[in-house]
Amino acid sequence: MNISVDLNLPNPAQTLVYLLIAALVVATLTGLVRAHLGLAYLIVVPLTIAGEWLFAHLIKVEVGEGLNLGGVPLIEALLGGIFFCLLGLVVYGRGHSRRYT
């Protein structure tokens, strides 16, 4: 069994790709669950970016062929972003969603 840990931080181009993916994931998931986070966006977006980086580089989850954009594996980043965004929505989205009757 070969286990490796890669702690290299992303370069500015990769950071921009992570930020764009995080914005897309957070906007989509908050719209689906109808959560109104307010200032919790300041916590959920960086949490989503951290999840993307963890799944793509540290944990190295490999899915499929490996579609890359600017050196960022997109499928792994999306999986990490969705997982950590849902985690953030569960923790910080409680009591902040409005029910329309």
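Worth knowing before you read on, the calculation uses all heavy atoms, side chains too, and leaves out hydrogens, waters and symmetry mates.
Within the model, atoms CG of Leu67 and CG of Leu74 stand 4.5 Å from one another, a figure rounded to the nearest 0.5 Å. Here the straight-line distance linking atom CD of Gln14 with atom CG of Leu19 works out to 13.5 Å at 0.5 Å rounding. In this structure, Ile21 CD1 and Thr48 OG1 are separated by 11.0 Å, a value rounded to the nearest 0.5 Å.
When the side chains of ILVMFWY residues are joined at heavy-atom separations under 4.5 Å, either directly or via intervening members, Trp53 and Leu69 end up in a single hydrophobic cluster. The cluster map of Ile, Leu, Val, Met, Phe, Trp and Tyr, joined by side-chain heavy atoms under 4.5 Å apart, puts Leu32 and Leu78 in the same cluster.
Relative orientation of the Phe55 and Phe83 rings is tilted, given thresholds of 30° and 60° on the angle between their planes.
Glu52 places a side-chain N or O within 3.5 Å of a backbone atom of Ala22 that can act as its donor or acceptor partner. Side-chain atoms of Asn68 do not come within 3.5 Å of backbone N or O of Gly71 as any donor-acceptor pair.
Two residues are said to be in side-chain contact when any heavy atoms from C-beta on lie closer than 4.5 Å; Val44 and Phe84 fail this criterion. Residues Val25 and Thr28 fail the side-chain proximity criterion, which asks for heavy atoms closer than 4.5 Å.
Partner of Val45 under the side-chain contact (heavy atoms from CB on, under 4.5 Å) criterion, out of Ile43, Leu47, Ile49, Leu42: Ile49 alone.
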